Amino acid sequence: MTISMDETYPVARPSLSELEERYVLDALRSGWVSSQGPYLRDFEERFARRCATDVALATSNGTVALHLVLAAAGIGPGDEVIVPALTYVATANAVAYCGARAVCVDVSAQTWCVDPEAVRAAIGPRTRAVIAVDLYGHPADYPALRQLCRQHGLLLVADAAESFGATLDDRPTGSLADATTFSFFGNKVITSGEGGCVTTCDTALADRMRLLRNQGMDPQRRYHFPVLGYNYRLTNLGAALLCAQLDRADDIIARRRRVIARYEQELADEALLTPQPVAAGVRRAPWMASFLVGPEGDEFLRDALARALDRVGVETRPFFVPVSELPAHHDPAAVVPVARDLSRRGINLPTYADLDDPGVKTVVERLRGVLATVSRAAP
Ligand SMILES: *Cc1c(COP(=O)(O)O)cnc(C)c1O
């Protein structure tokens, strides 16, 4: 097979149109470039509505959105927060910023998200909160987690950085936990370059987050700072981008969905690839096409495939490394076999709204070509 290298495929690319240009230029020309302005108000109102929640608070990124929730909930030194072992490091970092300990538990092979039974087993006298992560766009098992957290008086936080646009039993992410955080980094479903958001229906928590987001300044008395706060604000420029992305969100989501559906159709007969499982009642957010490579326990094929794809112009991403294996959160006692296996075998394929059907076909052809070679070469 001859492979034309004319076209290379990045793993992610934002979808930006003339609408984004128009809104950003409008914000720029208005002079409202900092953290006040009409686009910010508009974004927060519309995002809350879209997520079927009362309040949305825009933040500078998704990591500080997580920290803002935990800080506002008063989580601090001596406390424990349960997190899935398989997630982006930010989930655990936000816990560490509070001086609390992130306790890593395993994920479920059926959802790739935190296993409610593993959460139950990890709850102890110091546990204050659980952060569930909607990994690769798939909502966690919120009905089970909500019940568990209610029983034990724990705060349930959803890290929905990857799942904007997903639903569980027809309810959107953003409305499934006590507080939900989003990221609008350049590779997420919608983006403002850097940016984030928290949604909640808890008005006391929302007030506390508003205070902490703005350096702890008393809303009634300027330059009086009753508490230690942070500068976690988003700019009106970023919000202008997000308003355009929200206008186009249905289209962006539909196009990304199509990309993932095409991969799954085209690769359905590929015995060495297993697509992301989808639980009953779940509509995934189309963040990144995600597959497992090779049989359970394989530690070789995924990396060989990624290297070979890179050589033919297809960029991929390996799944996250389990947080319990990272130096800052190292926990040799964590027993997380499912997270470990997924981490070694998982791969994300190029996923973006502008990847058309012929593009997906080309990626699939290249993938089939190199998969045959690397699987024959396997030790
Ligand atoms: C992207 C992401 C975040 C936050 O990312 P920022 O780059 O800080 O916006 C948090 N958690 C998960 C699971 C993510 O994928």
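Order of appearance sets the numbers: ligands from 1, and atoms from 1 within every ligand. Bear in mind that the values here come from a model prediction, so they are computed numbers and not experimental data. Excluded from the calculations below are hydrogen atoms, water molecules and symmetry mates; all remaining heavy atoms, backbone and side chain alike, are included.
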Determine whether the aromatic ring centres of residues F43 and F184 are separated by less than 6.0 angstrom.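 When the ring centroids of F184 and F43 are compared, they turn out to be within the sub-6.0 Å range.
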Using ring centroids (six-membered ring only for Trp), state whether F320 and Y136 fall under 6.0 Å.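 Yes, ring centres under 6.0 Å apart.
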Does anything in residues 19-41 form a salt bridge (Lys or Arg N to Asp or Glu O under 4.0 Å)? List the pairs, not counting sequence neighbours.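 Those involving residues 19-41 are E20-R248.
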Inventory of protein N or O atoms under 3.5 Å from ligand 1 N or O:
from, atom 1, to, atom 2, distance (Å)
ligand 1, 8 (O), N61, OD1, 3.4
ligand 1, 8 (O), G62, N, 3.4
ligand 1, 8 (O), T63, N, 2.9
ligand 1, 8 (O), T63, OG1, 2.4
ligand 1, 9 (O), G62, N, 2.8
ligand 1, 9 (O), S183, OG, 2.6
ligand 1, 11 (N), D159, OD1, 3.3
ligand 1, 11 (N), D159, OD2, 2.8
ligand 1, 15 (O), E162, OE2, 2.5
ligand 1, 15 (O), K188, NZ, 3.2

Which atom names give the shortest non-hydrogen contact between T351 and A289, and what distance separates them?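 Between these two residues, the closest heavy atoms are OG1-N, 2.9 Å.
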Is the shortest distance from a Lys or Arg side-chain nitrogen in E365 or R368 to a carboxylate oxygen in the other one below 4.0 Å?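 No, no charged N to carboxylate O under 4.0 Å.
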Going by side chain to side chain contact (heavy atoms under 4.5 Å, CB included), I131 matches just one of I82, V69, V95. Which one? V95
